[in-house]
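Side chains are part of it too, since the values below use all heavy atoms of this structure and drop only hydrogens, waters and symmetry mates. Labels below follow one simple rule: chain letters A, B, ... track the order of the sequence lines, proteins then strands, and each chain is numbered from 1.
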Amino acid sequence: MTRELEAAGDLEGISKKEARRTVNERVGARAQEVAERIAAKVDAAGRFARVEAVNGYVNISYNANTVAASLIGEVLRAGDRYGAAPPNSKPERVMIEHSQLNTHKAAHVGHLRNICLGVAVTNIVRAGGVATMPTTYIGDIGRHVVRCLWCYETFHRGEEPTGDASKGRWLGDIYAEADARLNLRADVLAFLHTVIREDEVFVTAVDRMLKFLWRTNTVDGEDIAYLLGRISQQGEIKVDQLRDENVLVTFWPIIGDQLRAEAAQPKPPEPPISADGETDAPLPTMTPEERLAEWERLDAHMTDWWPHVPAWEQAVRETFQRWERKDPNFVALWEETRAWSVADLRSIFDEFDATFDAWFWESEVEDEGRQIVRELLERGIAEVSDGLPVVKIDEQLGLEHETYHTLPILRSDGTTLYATKDLALTQQKFVEYDIDRAIWVVDVRQSLYFDQISKILELAGFEKAANNLHLGYEFVTLPTGVISSRKGNAPMLEDVRDEMLSRARAVIDEKNPELPAATRQEVARQVGIGALKYAMLARDGNKVIVFDPEEALSFDGHAAPYIQYAHARACRILEHASVSDIDLAASLDTLDFGETAAEELSLLQQISELPGVVQRAAAEYRPLHLTNYAFDLARRFNDFYHACPVLQSAEPTRTARIALVAATRTTLKSSLALLGIAAPEVM
RNA sequence: GUGCCUGUAGCUCAGUUGGAUAGAGCGACAGCUUGCGGAGUUGUAGGUCGGGGGUUCGAGUCCCUCCAGGCAUACCA
């Protein structure tokens with residue numbers, strides 16, 4: 001009917017939906033009747049094992065042996081490449097930039113998601129038949145590096161890491177210290193603001209104590225008046241409003257006394273929820289214990305750090321200028337310490353199977369970035385606003401509605417921003433490498449930023465800017481809340497990795513103690529890293545991952561070890577069977593399952609779907625399709641394993657089932673490999 | 001304010017260009033090994049698919065609207 005309408009030209013220029021409606025109207029019969037008529041016709045052709053009409057659907061059953069033999073043959077021939085399209089069978093050439101780690105700074109679990117995604121997307125797009133070029137972009141210069149080196153020179157010159165910690169890790173600790181020093185005032189003020197806003201007991205108590213101090217006349221009265229006002233109004237305290245900015249150091253112990261008293265008190269009963277379910281105060285974000293802990297953390301350096309923060313900030317600015325004018329001493333120090341971090345980065349990349357066709361460095365695109373900023377200013381695309389070079393993108397595009405806002409492209413002191421460098425690199429990618437598309441695998445919070453970069457380059461007449469794609473993903477949080485280096489609760493990538501490995505090792509030592517130690521070590525690595533990767537990939541990109549170390553470390557259920565275990569079992573069966581894939585391939589002509597079980601058909605069906613799943617995952621840049629596929633495949637294999645004896649069954653079923661197991665093993669391995677996950681043969 | 005994202009079982013999540021009775025895992029409870037590995041497996045319990053409209057033969061899926069939460073929004077990266 002569709003064909004008739006097409007021939008008559010009735011379906012031209014109308015939507016799919018309208019077309020379907022038109023067809024339905026012409027058919028003029030109920031779906032079930034149509035299905036029955038079609039079923040009868042198809043059945044008459046005699047090419048299928050069974051044809052039936054159910055609920056308006058036509059179910060067609062194939063001849064299992066014929067289809068199975070052809071499918072299994074295809075899988076065994078393709079081996080590890082089963083599921084992949086021929087290399088470079090699509091004309092596109094794509095650069096995938098991911099794993100943008102920093103030197104002089106430790107990586108955390110958030111970076112883990114990026115690495116896993118980047119590796120998997122690269123594998124999958126390549127398997128989809130597209131030429132891929134994985135690249136990374138290392139933050140080897142910028143504010144964090146300057147802060148780290150300032151702290152190193154000022155407080156740790158000549159020191160060396162102790163114990164077996166790497167120099168890169170040690171440098172990361174120095175960066176964390178620099179951050180803590182420079183952020184002390186901001187942290188203290190933010191903490192006070194939170195406590196003042198959320199805790200009325202605190203407000204009245206501190207208020208009372210301040211009044212007492214005022215009467216004793218030991219500190220500047222105006223400052224006390226200011227603090228009293230802010231506390232009673234539950235507003236923010238601003239240091240520049242104080243006459244003596246060190247006055248907070250004087251009050252700090254008083255605050256601590258009050259917090260200690262509150263934490264020591266027995267918990268007040270839960271406030272009764274009123275009938276309408278409303279409570280008058282917002283829920284506090286910190287318990288009394290947490291408040292005290294945060295106070296104690298800040299108190300450790302309140303007295304000795306607070307007065308120096310402004311001078312330190314000035315020193316950091318000066319250090320920045322040393323980089324800008326390429327002070328030889330500073331550059332030498334930078335090169336030496338950078339090498340320490342790079343060694344660490346390489347080992348992380350090795351461990352997570354990230355390989356790159358090119359490494360880009362922030363330090364190498366600063367000059368080109370400045371050049372582009374100059375051009376943009378000369379051509380009137382950029383302008384200087386309040387001393388700051390910016391592009392008013394909406395204005396430039398003539399957009400009425402605020403869409404792309406305004407992007408600063410250089411700091412007012414002439415130092416470069418991330419944007420300065422990205423403008424240069426983005427252009428460079430297309431100019432120096434023969435690519436059709438460039439993908440950024442970066443946190444979704446930067447999506448506006450990448451739109452801005454693309455639009456600015458388009459404004460500058462760089463047409464290929466439209467071929468940039470930001471593959472965003474949501475961030476990783478902890479069950480206790482958003483990761484914040486301020487609170488110091490972000491699990492470091494290396495710590496998480498270490499914990500996964502030792503946990504995996506403990507499990508295999510318990511389950512399989514007779515394996516050689518070296519094998520257990522290697523299997524623990526494959527299982528531990530695999531579980532970590534799967535946890536990072538088995539969630540859609542637009543969902544936040546709540547990273548619960550306990551859950552990620554559990555090897556039960558919907559997780560990589562389940563799939564790896566299915567693979568190990570399949571390997572075991574084939575080992576007992578002592579048949580090679582070649583022998584099996586030779587026996588395919590006479591393959592005979594006998595009466596096929598539902599579990600066998602279900603497994604065959606799943607195996608046959610891998611190529612399609614790969615295509616879809618590649619087109620959508622979504623490894624999630626493959627994590628789901630691999631888990632489903634493992635589950636169907638387990639169903640089969642329990643329902644259908646393989647080695648104990650009689651010929652010719654025995655050989656047929658062995659062939660099916662072989663095809664399953666290959667497909668499991670192949671689909672895990674696309675995710676960057678290893679498939680151990682024993683575990 | 002504006003833009004983007006999210007809302008499906010107690011918890012964590014799948015759900016294909018709209019298509020058959022909305023599925024897994026975890027947690028809970030009750031089973032399975034005289035068989036190729038129990039990191040397995042069977043069953044039970046658990047659902048106003050955030051609310052309300054609309055389009056359609058048919059909506060978790062598409063459109064509108066409202067609610068709730070998150071993120072972004074000029075010198076962070």
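Checking the phosphate oxygens (OP1, OP2) of B:C76, a side-chain nitrogen or oxygen of A:R143 falls inside 4.0 Å. At B:A39, none of the side-chain N or O atoms of A:R572 fall inside 4.0 Å of OP1 or OP2 (strictly under the cut-off). Between A:R445 and the phosphate of B:C76, there is no side-chain N or O to OP1/OP2 separation shorter than 4.0 Å. Distances shorter than 4.0 Å separate none of the side-chain N or O atoms of A:Y418 from OP1 or OP2 on B:A77. Applying the 4.0 Å criterion to OP1 and OP2 of B:G3, one finds that A:Y449 has every side-chain N and O outside that range. A sub-4.0 Å separation between OP1 or OP2 of B:A14 and a side-chain N or O of A:N628 is absent. Contact annotation: A:Y562 side-chain N/O to B:U41 OP1/OP2 distance is under 4.0 Å. A close approach under 4.0 Å does occur between a side-chain nitrogen or oxygen of A:N638 and OP1 or OP2 of B:U41.
Residue pairs that meet the salt bridge (charged side-chain N to carboxylate O under 4.0 Å, His left out) test with at least one member in residues 632-647 of chain A, sequence neighbours left out, are A:D632-A:R635, A:D632-A:R636. Every pair passing ring pair (Phe, Tyr, Trp, His ring centres under 6.0 Å) that includes a residue from residues 523-542 of chain A is listed here, sequence neighbours excluded: A:Y534-A:H558.
Distance A:E514 CD to B:G37 P: 12 Å, rounded to the nearest Å. Protein atom CD of A:E400 is 21 Å distant from nucleotide atom P of B:G1, rounded to whole Å. For A:F475 and B:A77, the CZ to C1' distance is 15 Å, given to the nearest whole Å. We find that CZ of A:F637 is positioned 11 Å from P of B:U41, with the value rounded to whole Å. Rounded to an integer number of Å, the gap from A:F555 CZ to B:G38 C1' is 17 Å. Between A:I573 atom CD1 and B:G40 atom C1' there is a gap of 12 Å when expressed in whole angstrom units.
In terms of modelled atom types and a separation under 3.5 Å, the side chain of A:H144 and the main chain of A:Y175 share no donor-acceptor contact. A:E499 places no side-chain N or O within 3.5 Å of a backbone atom of A:V496 that could act as its donor or acceptor partner.
With distances taken from any side-chain atom of A:N512 to the nucleotides B:G15, B:G3, B:G37, the minimum falls on B:G37. Distances from the side chain of A:Q648 to the nucleotides B:C75, B:G35, B:A74 place B:G35 closest. Considering only the side chain of A:P645, B:C36 comes nearest among B:G3, B:C5, B:C36. In the set B:A74, B:U17, B:C36, B:A74 carries the atom at the smallest distance from any side-chain atom of A:L388. The side chain of A:M683 sits closest to B:A39 out of B:C75, B:A14, B:A39. Of the candidates B:A39, B:A77, B:A14, the closest approach to any side-chain atom of A:N102 belongs to B:A77.
Applying the side-chain hydrogen bond (donor to acceptor under 3.5 Å, both in side chains) rule to A:E364 yields no partners; only residues at least two apart in sequence or on another chain are considered.
The pair A:R665-A:D581 meets the salt-bridge criterion, since a charged nitrogen lies less than 4.0 angstrom from a carboxylate oxygen. Using a 4.0 Å cut-off between charged side-chain N and carboxylate O, A:D413 and A:R411 make no salt bridge. A salt bridge links A:E362 to A:K421: at least one charged side-chain nitrogen sits closer than 4.0 Å to a carboxylate oxygen.
Distance check on atom C1': B:G15 versus B:G3 gives 28 Å, rounded to whole Å. One P atom belongs to B:A59, the other to B:G53, and the distance between them is 14 Å to the nearest Å. Across B:A72 and B:C76, the matching P atoms stand 15 Å from one another, rounded to whole Å. As rounded to the nearest Å, B:C66 and B:G23 have P atoms that lie 33 Å from one another. Here the separation of B:U21 from B:G60, taken at their P atoms, is 11 Å to the nearest Å. Across B:A24 and B:C63, the matching C1' atoms stand 31 Å from one another, rounded to whole Å. To the nearest whole angstrom, the two P atoms, one in B:A14 and one in B:G25, are 16 Å apart. Distance check on atom C1': B:C57 versus B:G70 gives 39 Å, rounded to whole Å.
Both tests hold for A:R569 against A:Y641: distance to the six-membered ring centre under 6.0 Å, angle to the ring axis within 45°. A:W312 does not carry A:R317 over the face of its six-membered ring by the limits of under 6.0 Å from the centre and within 45° of the normal. With a 6.0 Å cutoff to the six-membered ring centre and a 45° limit on the axis angle, A:R657 does not count as a cation-pi contact of A:F593.
Remark: A:T426 OG1 to A:N468 CG distance equals 5.5 Å, nearest 0.5 Å.
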What protein N or O atoms touch nucleotides 9-13 of chain B N or O atoms at under 3.5 angstrom, if any, and at what distances?
from, atom 1, to, atom 2, distance (Å)
B:U12, O2', A:R539, NH1, 3.1
B:U12, O2', A:R539, NH2, 3.4
B:C13, OP1, A:V544, O, 3.3

Set out, line by line, the N/O atom pairs under 3.5 Å between protein and nucleotides 28-32 of chain B.
none

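Taking a pair as Watson-Crick or G-U wobble with both distances under 3.5 Å, RNA chain B forms stems of 3 or more consecutive pairs at B:1-7 with B:67-73, B:10-13 with B:23-26, B:28-32 with B:40-44, B:50-54 with B:62-66.
For A:E402 against B:G1, a side-chain N or O and a base N or O form a donor-acceptor pair under 3.5 Å. Under 3.5 Å, the side chain of A:S447 and the base of B:A72 form no donor-acceptor pair of N or O atoms.
Within 6.0 Å of atom NZ in A:K669, 12 or fewer heavy atoms from other residues, nucleotides or ligands are found, so the atom counts as exposed in its surroundings.
Of the N and O atoms on the side chains of A:Y473 and A:D540, not one donor lies less than 3.5 Å from an acceptor on the other residue.
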